[in-house]
**Q** 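Pasting a structure below so you can have a look.
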Amino acid sequence: MKYWLMKSEPDVYSIEHLAAEIKGTAYWDGIRNYQARNFIRDDMKVGDLAFFYHSNCAEPGIVGVMEIASAAYPDYTAFDPKEKYFDSKSEKTNPRWFMVDVKLRRKFRISLSLKDIRLEKKLSKMKLVQPGNRLSISPVTKIEWDHIMAMVDGD
DNA sequence: GCCAACGTTGGC
DNA sequence: GCCAACGTTGGC
């Protein structure tokens with residue numbers, strides 16, 4: 001099983017949106033970066049766990065935990081010209097972009113801010129805090145994962 | 001809203 | 001294949 005961190009702008013789609021999904025799951029669309037695409041398509045498996053990260057907002061940070069609920073399948077929003085993330089180069093017969101379904105496992109009572117992550121020496125190797133990192137999907141090591149969970153739960 | 005750091009595009 | 005121009009990301 002693998003661990004991940006997935007970014008979303010809360011103005012667009014927040015953990016509260018996910019919590020309000022009737023079905024309990026949602027499709028994680030709009031990934032338009034090859035490296036992130038490859039993680040989704042090639043490495044993500046059903047049952048993997050992922051941190052829900054709020055980006056580009058007042059208090060960026062990790063706000064909860066999701067479970068990957070499906071294998072990767074073509075991101076059909078790329079096929080629809082009316083969609084924000086339409087991409088004419090992604091064809092139905094040869095899709096360029098993929099997505100997975102996610103399910104909310106847990107919303108943290110107190111989220112872990114980027115500031116606090118930066119202050120934590122043991123998390124200094126995280127992809128998230130590497131200079132210039134903009135990847136919206138990144139792998140998290142088990143050690144990092146466990147450490148964050150311990151921080152969130154106050155040991 | 002600013003802007004630095006990236007990734008992508010397209011002319012050559 | 002180079003690289004300038006452009007668009008996007010995301011912290012601040």
Side-chain angles (χ1 to χ4, degrees), chain A residues 2-21 26-44 48-68 70 72-141 143-145 147-152:
Chain A
K2 293 199 173 75
Y3 299 96
W4 304 94
L5 181 141
M6 300 168 77
K7 296 180 185 174
S8 182
E9 302 187 16
D11 289 348
V12 179
Y13 193 85
S14 72
I15 195 165
E16 284 78 20
H17 289 115
L18 180 55
E21 298 282 355
Y27 56 85
W28 199 270
D29 65 328
I31 301 298
R32 298 291 180 271
N33 167 283
Y34 290 105
Q35 217 182 327
R37 189 275 314 266
N38 292 346
F39 282 137
I40 283 185
R41 190 191 56 187
D42 306 333
D43 298 331
M44 266 190 185
D48 284 1
L49 297 178
F51 288 129
F52 196 130
Y53 179 88
H54 280 175
S55 69
N56 202 12
C57 56
E59 176 110 329
I62 297 173
V63 294
V65 172
M66 300 180 282
E67 184 181 330
I68 305 306
S70 82
Y73 58 97
D75 182 340
Y76 49 76
T77 69
F79 305 141
D80 184 351
K82 291 196 292 288
E83 289 281 351
K84 181 184 176 199
Y85 290 108
F86 170 67
D87 181 355
S88 61
K89 288 174 188 147
S90 187
E91 300 160 44
K92 284 183 186 170
T93 51
N94 184 25
R96 176 178 290 197
W97 307 116
F98 289 78
M99 59 186 174
V100 292
D101 291 346
V102 294
K103 181 166 125 192
L104 184 64
R105 268 229 180 164
R106 201 177 147 186
K107 182 180 164 221
F108 295 151
R109 196 171 56 79
I110 299 168
S111 43
L112 183 63
S113 70
L114 177 60
K115 211 185 304 170
D116 289 341
I117 295 170
R118 286 225 161 97
L119 286 172
E120 188 70 18
K121 272 225 178 67
K122 286 177 181 164
L123 299 177
S124 63
K125 297 266 174 60
M126 274 190 87
K127 282 259 185 355
L128 176 71
V129 294
Q130 299 315 303
N133 165 72
R134 291 188 316 172
L135 260 189
S136 60
I137 308 272
S138 57
V140 172
T141 69
I143 290 170
E144 290 160 353
W145 182 277
H147 192 71
I148 288 170
M149 292 308 285
M151 286 173 79
V152 166

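No hydrogens, no waters, no symmetry mates; every other heavy atom, side chains included, goes into these values.
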**Q** Taking only Lys NZ, Arg NE, NH1 and NH2, and the carboxylate oxygens of Asp or Glu, determine whether A:K107 and A:E16 approach each other closer than 4.0 Å.
**A**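 Judged by the 4.0 Å cut-off on N to carboxylate O distance, A:K107 and A:E16 do form a salt bridge.
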**Q** When we call it a touch if two heavy atoms are under 4.0 Å apart, what does A:Y85 touch: a base, just sugar-phosphate, or nothing?
**A** nothing
**Q** What salt bridge (charged side-chain N to carboxylate O under 4.0 Å, His left out) pairs are there with at least one residue in residues 123-132 of chain A, not counting sequence neighbours?
**A** none
**Q** Quick one: do the A:Y73 and A:D101 side chains pair a donor with an acceptor below 3.5 Å?
**A**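 A donor-acceptor contact under 3.5 Å links the two side chains.
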**Q** Look at the side-chain N and O atoms of A:K7 and state whether any lies under 4.0 Å from the OP1 or OP2 oxygen of C:dT9.
**A**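 No.
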**Q** Dump the intermediate steps for ring-ring contact (aromatic ring centres under 6.0 Å, His included) on A:Y34 and A:W97, then the final yes or no.
**A** CA-CA 8 Å; A:Y34 290 105; A:W97 307 116; 4.9 Å; yes
**Q** With salt bridge (Lys or Arg N to Asp or Glu O under 4.0 Å) as the criterion, how do A:R32 and A:D75 come out once you've worked through the C-alpha distance, each side chain's angles and the decisive distance to 0.1 Å?
**A** CA-CA 10 Å; A:R32 298 291 180 271; A:D75 182 340; 2.9 Å; yes
**Q** Figure out the CD/C1' separation between A:Q35 and C:dT8, and round it to whole Å.
**A** 15 Å
**Q** In whole angstrom, what separates A:R118's CZ from C:dG11's C1'?
**A**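 Computing the A:R118:CZ to C:dG11:C1' distance gives 7 Å.
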**Q** Between P on B:dG7 and OH on A:Y34, what's the gap in Å once rounded to a whole number?
**A**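 My rounded result for the distance is 13 Å.
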**Q** Do you know the tightest heavy-atom contact between A:F98 and A:R41?
**A**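 Scanning both residues completely, I find the closest heavy atoms to be CE1-CD, 3.7 Å.
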**Q** Take atom CG of A:N56 and atom P of B:dA4, then tell me their distance rounded to the nearest Å.
**A** 17 Å
**Q** Whole angstrom is fine here: how far is it from CH2 in A:W97 over to P in C:dT8?
**A**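 Those two atoms, CH2 and P, are 13 Å apart.
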**Q** How many Å lie between CZ on A:R32 and P on B:dC6, as a whole number?
**A**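 Those two atoms, CZ and P, are 23 Å apart.
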**Q** Determine the interplanar angle of the A:W145 and A:F51 rings, folded into 0 to 90°, and report it as parallel if under 30°, tilted if 30 to 60°, perpendicular if over 60°.
**A**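 Parallel, since the angle between the ring planes stays under 30°.
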**Q** For A:H54 and C:dT9, give me the distance from atom NE2 to atom P, rounded to whole Å.
**A** 17 Å
**Q** At less than 4.0 Å, is any side-chain N or O atom of A:Y53 found next to OP1 or OP2 of C:dT9? Yes or no.
**A**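 No, A:Y53 has no side-chain N/O under 4.0 Å of OP1/OP2 on C:dT9.
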**Q** Rounded to the Å, how far apart are A:N33 CG and B:dA5 P?
**A**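 One finds 18 Å between P of B:dA5 and CG of A:N33, rounded.
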**Q** Could you list by number each residue of residues 121-141 of chain A showing a heavy-atom separation from DNA chain B of less than 4.0 Å, or answer none if no residue does?
**A** A:P131, A:G132, A:R134
